[in-house]
Asks: 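Here it is: the structure, laid out below.
Here, residue 1 is the first one in the sequence, and each next residue gets the next number. The structure displayed is predicted, hence computed values, not measured ones.
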Amino acid sequence: MNVNDVNWEFVSKLVVRKTGFPFEILEQLHWKQTSSAITKMFQLDGEKKQVTEQLLHNLIPKSVVQLAEHDHKKGLHLLSRLRKYLGKGAVRDREINELRELFTGEHPLLVALNRWKNIEDQREKEREKAYAFFQLELKEKRKYLQMIFKDPYIAEAVYVSNPDVFNISYPKFIAYRDFDKRPSKIRTLEMRFYSYLQRFCSKNDTASFFGPMNYAKWDKEQLANVKLESTVGKYSDRIVHYSFWMVKELAKRIAEEADFRPYLTPKLHPMCKYDHDKVSFIHIKKELHLPETFRKILQAIVTDSHTLYELSHQLNLKMPTLNHYLKQLEQKKMIILDIEIPSTIFEPFTYLYSWVQNLPPSDLKNEWLNILEQFVKYKEEVLTKDLAYRQKVTAQMETLFEQVTHLPARRNQGQMYADRTLYYEECKGTINEMSFGKHFHEDFMKRIKPIFDISAAYGDVLRNYYQTIARRLFKKIQGQRSQIPYCEFIYQSQALLEAEDIDLSFSPLEHFHQQLEQLVHIRQDNGVAKLSESDVRLFDRFRNYGECHTSPDIMFSAKSIEALAKGDYKIVLGEVHQFIAMWGSQLLFDPEREKVNEEINQMLEKLPMYRQLSVILNTRRHKGLIHESFPGTIIQLFGAPSERANHVVEIRDLYVTEEGDELSLVDTNGNQHYLYNSGDENIHLWAFAPSRVSSPAIQFTGHTPRIEINDVIFQRERWDIGAEELLTICNQEDPFLIYVEMQRLKQKFQLPRYLFFKVKSEKKPYYFDFENFFSVEMLHSLLKKNKEVSFIEMEPSPENLWLKDDNGKYCFEMRGTVFQKQETLQANI
């Protein structure tokens with residue numbers, strides 16, 4: 001294998017994400033008899049359409065000619081009426097009886113009309129049968145849905161996802177018994193709980209035991225293609241962490257205690273810069289000249305890290321007087337004065353507890369330690385027994401929090417994906433060992449290499465795009481200056497972009513999309529566009545940079561693990577992320593976490609741009625993607641690094657400057673910074689980041705074929721259906737007719753049974769089964785506030801979910817991080 005075949009290198013460890021519940025749970029909610037009867041209805045509709053066309057375009061015109069020869073006006077009028085009613089899809093017995101007086105019994109027109117009537121009668125019987133099946137299956141499946149949620153694990157999964165829904169809605173849902181009736185409130189509850197079920201069985205979340213974390217590895221010394229060992233159960237380990245927002249609120253309350261204020265350490269606001277006698281608000285180009293006392297205070301704050309107690313002695317100010325001045329500085333947003341909780345650690349609560357422990361002895365300290373120790377106790381107890389006990393402990397925890405902070409213990413009610421509770425749970429799954437051997441790895445890399453190559457080419461185009469737009473912004477902002485404070489660049493560029501006062505065109509990006517779209521158009525056949533490695537090589541001309549990384553989500557479509565091991569599988573590309581997966585919380589349970597981090601660091605040392613890698617540390621949201629293992633420079637904004645940080649730079653000390661054709665981000669010491677970034681579209685971040693390896697999305701009007709590159713599913717087939725096509729469905733209120741019209745939509749667009757759908761109002765896609773009324777009903781309800789829907793094929797499809805145990809089959813994906821080295825790229829190009 002030559003150098004061109006090995007220029008991508010994976011980190012050896014992979015994060016494996018699987019659903020916590022088997023897919024069969026969803027498959028058992030199949031309206032099988034109803035769907036079969038509706039299929040027969042549609043077959044009869046097709047037959048009736050054929051006979052109708054035969055009558056309208058052949059037999060009636062011939063009969064018209066025959067009657068016209070005899071000037072049979074009554075017969076001609078009768079045929080005109082017949083044509084009219086046929087056009088409306090209905091034929092009256094009156095016209096047929098009158099026609100029998102004109103033609104003999106074996107006349108082709110009468111034979112066809114009799115066949116039309118027989119089909120219509122059969123169709124009506126099938127419709128009645130379908131309706132009866134629907135009512136029967138609706139009752140059965142509603143009972144079954146309720147039974148599913150009596151499973152303690154599924155009940156607990158709802159509780160973990162949304163305690164408010166569980167406490168308020170679950171008892172009503174689970175207690176309902178009159179399945180002959182379906183009041184609107186019960187219907188709403190059933191839809192709500194089904195929405196959770198489809199998530200638990202089809203989405204690879206990382207959440208508690210219904211999205212446990214597992215690990216796999218590339219083992220190039222291993223001869224077996226695939227090894228898998230697992231244990232029975234939902235999880236092998238569980239950990240509860242207090243949410244970062246909860247710890248911050250506790251810290252705010254503690255910081256408000258007058259007795260503790262002397263031990264707080266003020267810091268200059270990140271948007272401010274102090275210079276001699278004035279404060280500059282660098283993001284808005286505003287300056288304030290300060291009286292002498294304020295100058296002395298700020299000078300002491302920026303010179304060194306001092307507690308208020310130390311500042312009081314250094315400045316010879318009594319504490320009440322110092323507090324008076326500091327409050328004014330806080331109100332003017334010149335300083336921040338709080339307990340600074342590092343946002344890069346797994347356990348922020350432990351940090352807060354240690355901070356209070358280190359205070360001098362006092363009754364108030366003991367009081368707060370008692371409070372925090374209660375939270376420690378609740379955290380330790382919350383998982384010790386059953387769900388009822390968990391609820392009890394959680395309620396005690398929430399009561400204590402509300403008493404202490406005077407804030408609600410829950411937030412973001414009604415949102416499915418939200419950091420709403422005081423704590424969250426991480427679980428290690430039951431996969432003890434999963435590894436892929438030497439030959440499997442070689443085959444896998446050979447298949448997927450073109451995917452990485454085209455994504456890297458697109459990433460280089462994107463970096464040039466962001467750089468180009470950023471340079472245009474820089475020219476508008478800089479005036480006579482050679483460099484601009486980075487904070488000012490951020491705020492001014494955002495204002496220009498919002499005002500649409502900047503040219504966003506970039507021809508290479510447009511050419512890239514045009515070339516790829518043309519290839520897909522040319523190559524598509526029967527819903528699939530197959531691109532070759534030669535096609536991918538056409539995009540090498542877009543490469544500019546010699547190093548990059550990406551963290552793709554990978555799925556395998558295979559009948560079984562045996563088929564996977566034999567190479568009888570298809571790779572399916574999921575999302576392509578710009579972060580390095582192993583730096584977040586995802587390696588929490590991996591005993592080799594530090595070893596993996598060292599492996600990553602060694603890889604980064606080979607990539608010149610990555611040696612200057614920096615990350616802007618903003619306020620942490622939920623688990624956080626930046627862990628203290630991040631080896632580069634922390635650019636401090638509103639987040640705080642831990643003591644483990646290698647190098648810290650304040651965002652106020654960063655400047656944007658132009659060096660040749662490159663817009664650079666440098667600090668006051670002249671060091672250049674390349675930003676580690678993920679997910680958003682902010683130009684002020686991506687312009688200074690390494691190449692953003694991404695999958696270029698192709699979307700045609702109406703239908704976009706599946707795109708395969710080197711037999712890897714690069715992009716799944718997609719159907720975008722607009723308001724006009726959905727109008728009939730949206731206007732239906734009768735459940736049976738909603739179901740029928742949804743089957744008609746499936747037939748019209750030749751859609752597969754299993755899909756995912758996405759609507760604008762929802763954050764995440766939903767699993768969808770055309771033959772599951774709960775699924776159909778959920779989409780119908782969402783169409784009331786969405787004018788269009790996008791369907792995406794489910795691939796791997798249910799029959800190709802290879803990960804199985806005694807309970808069934810599971811959706812599965814693995815996430816790894818892969819790097820491309822400069823020297824191998826140059827050899828390739």
Side-chain angles (χ1 to χ4, degrees), residues 271 282-285 454-517 539-550 576-579 609-610 612-616 618 635 637 651-652 654-667 671-699:
M271 294 294 114
I282 53 179
H283 57 304
I284 54 176
K285 293 199 296 185
I454 196 170
S455 298
Y458 187 59
D460 284 2
V461 175
L462 282 177
R463 188 174 196 277
N464 290 335
Y465 163 75
Y466 291 123
Q467 269 277 315
T468 300
I469 305 305
R471 286 202 301 273
R472 291 174 188 166
L473 291 163
F474 182 79
K475 296 293 185 188
K476 279 185 171 281
I477 299 167
Q478 74 174 129
Q480 301 301 312
R481 297 171 293 175
S482 61
Q483 61 181 20
I484 306 169
Y486 183 45
C487 294
E488 180 188 341
F489 179 78
I490 292 171
Y491 277 78
Q492 294 295 333
S493 61
Q494 286 178 333
L496 288 167
L497 290 166
E498 287 174 8
E500 299 182 352
D501 190 20
I502 198 74
D503 177 13
L504 295 177
S505 63
F506 186 62
S507 57
L509 186 59
E510 295 163 10
H511 293 159
F512 190 103
H513 281 287
Q514 288 170 2
Q515 184 171 334
L516 185 55
E517 287 172 7
F539 295 88
D540 284 348
R541 66 188 180 92
F542 292 98
R543 292 304 306 268
N544 294 101
Y545 305 99
E547 52 203 76
C548 57
H549 79 276
T550 186
V576 174
H577 306 278
Q578 289 81 40
F579 56 72
M609 187 181 290
Y610 284 72
Q612 299 155 286
L613 203 62
S614 304
V615 66
I616 296 177
N618 206 343
I635 299 169
L637 184 52
I651 198 167
R652 70 173 69 87
L654 293 180
Y655 294 86
V656 178
T657 185
E658 198 166 24
E659 299 177 359
D661 293 333
E662 178 90 358
L663 203 65
S664 298
L665 187 63
V666 298
D667 60 33
N671 300 312
Q672 188 172 359
H673 296 266
Y674 290 99
L675 297 181
Y676 173 69
N677 185 38
S678 177
D680 54 52
E681 298 297 330
N682 287 318
I683 287 170
H684 64 264
L685 295 174
W686 283 115
F688 307 107
S691 182
R692 181 184 179 181
V693 179
S694 304
S695 295
I698 300 297
Q699 185 175 344

Asks: Testing Leu654, Asn677, Leu685 one by one against Ile616 for a side-chain contact (heavy atoms from CB on, under 4.5 Å), which residue passes?
Replies: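 For Ile616, the side-chain contact (heavy atoms from CB on, under 4.5 Å) test succeeds with only one of Leu654, Asn677, Leu685, which is Leu685.
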Asks: Rounded to the nearest 0.5 Å, how far does CG of Asp503 lie from NZ of Lys476?
Replies: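 It comes to 9.5 Å.
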Asks: If you measure from CG on Asp501 to CG on Leu473, what distance do you get to the nearest 0.5 Å?
Replies: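 The distance works out to 9.5 Å.
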Asks: Around Glu681, counting heavy atoms of other residues, nucleotides and ligands shown, do more than 12 lie under 6.0 Å from its CD?
Replies: yes
Asks: Checking Ser691 side chain against Gly459 main chain: does a donor-acceptor pair fall under 3.5 Å?
Replies: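 Answer holds: yes.
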Asks: Please name all residues satisfying salt bridge (charged side-chain N to carboxylate O under 4.0 Å, His left out) with Glu658, sequence neighbours left out, ordered by chain then number.
Replies: Lys475
Asks: Sort out for me which residue in Tyr610, Phe579, Tyr674 forms a ring-ring contact (aromatic ring centres under 6.0 Å, His included) with His549.
Replies: Tyr610
Asks: Counting C-beta onward and ignoring hydrogens, is there a side-chain heavy-atom pair between Leu504 and Leu497 closer than 4.5 Å?
Replies: yes
Asks: Do side-chain atoms of Asp460 reach the backbone of Asn544 as a donor and acceptor pair under 3.5 angstrom?
Replies: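 Checking the backbone N and O of Asn544 against the side chain of Asp460, a donor-acceptor pair under 3.5 Å is found.
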Asks: Relative to the ring of Trp686, is the ring of Tyr466 parallel (under 30°), tilted (30 to 60°) or perpendicular (over 60°)?
Replies: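 Parallel: the ring planes of Tyr466 and Trp686 meet at under 30°.
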Asks: Quick one: closest heavy-atom pair of Phe512 and Val461, and the distance?
Replies: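 In this case the closest contact between Phe512 and Val461 is CD1-CG2, 3.9 Å.
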Asks: Please indicate whether Asp661 has more than 12 foreign heavy atoms, meaning atoms of other residues, nucleotides or ligands, lying under 6.0 Å from its CG.
Replies: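 Incorrect, the count does not exceed 12.
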Asks: By the definition side-chain contact (heavy atoms from CB on, under 4.5 Å), identify the one residue from Arg481, Met271, Gln478 that meets it with Glu488.
Replies: Arg481
Asks: Without swapping roles, check the side chain of Glu547 against the backbone of Met609 for a donor-acceptor pair under 3.5 Å.
Replies: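 Answer holds: yes.
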Asks: If every non-hydrogen atom of Ser493 is compared with every non-hydrogen atom of Ile477, which pair is closest and at what distance?
Replies: N-CD1, 3.8 Å
Asks: Keeping Thr657 on the side-chain end and Gln483 on the backbone end, is there a donor-acceptor pair under 3.5 Å?
Replies: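 No, because the side chain of Thr657 does not come within donor-acceptor range (under 3.5 Å) of the backbone of Gln483.
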Asks: Under 6.0 Å from the ring centre and within 45 degrees of the ring axis: does the NZ or CZ of Arg463 meet both conditions for the six-membered ring of Tyr545?
Replies: yes
Asks: Using ring pair (Phe, Tyr, Trp, His ring centres under 6.0 Å), reason through His513 and Tyr458 one step at a time and then give a plain yes or no.
Replies: CA-CA 9 Å; His513 281 287; Tyr458 187 59; 5.4 Å; yes
